[in-house]
Amino acid sequence: MTTQHHNDPHRLASAEIVVGTDGSEAADLAVRWAAETAAQRGRRLRIVHGLDLTAGSDYGLYDVIMPPVIDAIRREGADTLRTARRLAQQVDPGLTVETELSEADPAHLLIELSEAAHLVAIGTAGSGGALGHHGSTLLAVASHGRGPIVVVRDTGTEQQTRRIGPVVLGADGGPVSAAAVGAAFAEASERRTRLVAVHAWSDLYYDRFAGLPYAVSDHDAETVGQAILAEQLTGWQEKYPDVQVIRKVYLSGPRQALREWSRSAQLLVVGSRGRGGFRGLLLGSTSNALVQTAHCPVMVVHPQ
């Protein structure tokens with residue numbers, strides 16, 4: 001189906017899969033996930049490590065005062081990349097793997113590479129917080145990256161990343177989620193699995209509607225939700241006839257519904273912003289919550 005994406009740089013045959021590593025267990029999981037994905041799709045894998053030395057170099061502090069320390073940091077970074085390369089090649093010895101050691105901070109490095117990458121993968125916990133669950137790098141890359149950003153989350157089972165189960169799409173009817181729809185169909189087709197398209201009527205809990213004078217009924221929510229899904233999915237099922245689509249509508253709670261689906265999904269796909277978000281808020285509340293709490297990898301898709 002790549003012919004449907006000839007204007008998308010992230011779908012070009014030359015586009016690499018990029019993964020950031022800091023040597024932590026979570027980063028190793030992201031490297032394995034990225035290596036598996038690259039091997040399945042016949043793409044190059046680029047493993048990167050950012051040293052975050054650029055701030056100190058502005059003042060000449062690192063090179064003048066602490067050259068032995070900086071040399072040690074560079075050696076450790078190189079060791080981290082060598083270990084990650086070995087891990088990736090254990091997944092597939094024939095995989096083409098390139099590594100990049102940069103003086104840039106990890107967030108800026110991954111955001112820059114995301115411009116042309118097929119996708120960028122990042123783990124959810126880091127040894128120093130750089131790729132941490134609440135870390136600035138994870139949220140910065142998920143918020144400001146370009147194209148698909150995959151936050152690789154441990155499933156909590158022996159098979160840490162699932163290769164079975166559906167691709168689950170969060171569709172809210174907004175323009176940003178339109179990009180997520182295309183990515184979700186592409187992922188379901190690549191993985192030869194079904195697509196579950198989920199729409200939730202509101203962030204409000206169901207019982208909060210009870211006191212409103214114009215309460216929304218289950219029937220109304222189902223009717224409107226199905227119409228929204230039908231509109232957003234229009235054309236995509238024709239482009240991807242191999243993908244079986246299941247549509248699910250909930251009266252409220254997109255975070256709760258998608259988090260529950262993530263227990264059985266192999267990938268969760270969401271847009272970078274919600275339907276009511278401010279343009280400057282580059283990561284919506286639902287996406288933000290899911291990259292930190294979902295039970296499977298989460299792909300955050302940014303519009304071109």
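What you see is a predicted model; the values in this text were computed from it and never measured.
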Please name all residues satisfying side chain to side chain contact (heavy atoms under 4.5 Å, CB included) with V48, sequence neighbours left out, ordered by chain then number. V18, R46, E100, L109, L110, L113
Could you list all the salt bridge (charged side-chain N to carboxylate O under 4.0 Å, His left out) pairs where at least one residue sits in residues 105-117, not counting sequence neighbours? E115-R146
Can you list the residues that meet the side chain to side chain contact (heavy atoms under 4.5 Å, CB included) rule with R192, with sequence neighbours excluded? none
Minimum side-chain heavy-atom gap K248-W261 below 4.5 Å: yes
Quick check against the 3.5 Å criterion: does E103 have a side-chain atom that pairs as donor or acceptor with the backbone of L53? no
Please identify each residue that fulfils side chain to side chain donor-acceptor pair (under 3.5 Å) with R247, with sequence neighbours left out. Q237
Among residues at least two apart in sequence or on other chains, which ones pass salt bridge (Lys or Arg N to Asp or Glu O under 4.0 Å) with D92? none
Salt bridge (charged side-chain N to carboxylate O under 4.0 Å, His left out) contacts in which one or both residues fall within residues 259-268, not counting sequence neighbours: E260-R263
Contact between S272 and P303 at the side-chain level, heavy atoms closer than 4.5 Å - yes or no? yes
For R86, check salt bridge (Lys or Arg N to Asp or Glu O under 4.0 Å) against everything at least two apart and list the hits. none
Using the test side chain to side chain contact (heavy atoms under 4.5 Å, CB included), find all partners of A294 that sit at least two apart in sequence or belong to another chain. R153, S262, L268, V298
Name all residues meeting the side chain to side chain donor-acceptor pair (under 3.5 Å) criterion together with W33; count only those two or more places apart in sequence or in a different chain, and write none if there are none. none
Who pairs with R41 by side chain to side chain donor-acceptor pair (under 3.5 Å), at least two apart in sequence or on another chain? H118, E187
Those residues at least two apart in sequence (or on a different chain) that pass side chain to side chain contact (heavy atoms under 4.5 Å, CB included) with A34 are I17, V19, L45, A121
Side-chain heavy atoms nearer than 4.5 Å, only ILVMFWY residues, links allowed to pass through others: does that put L101 and V69 together? yes
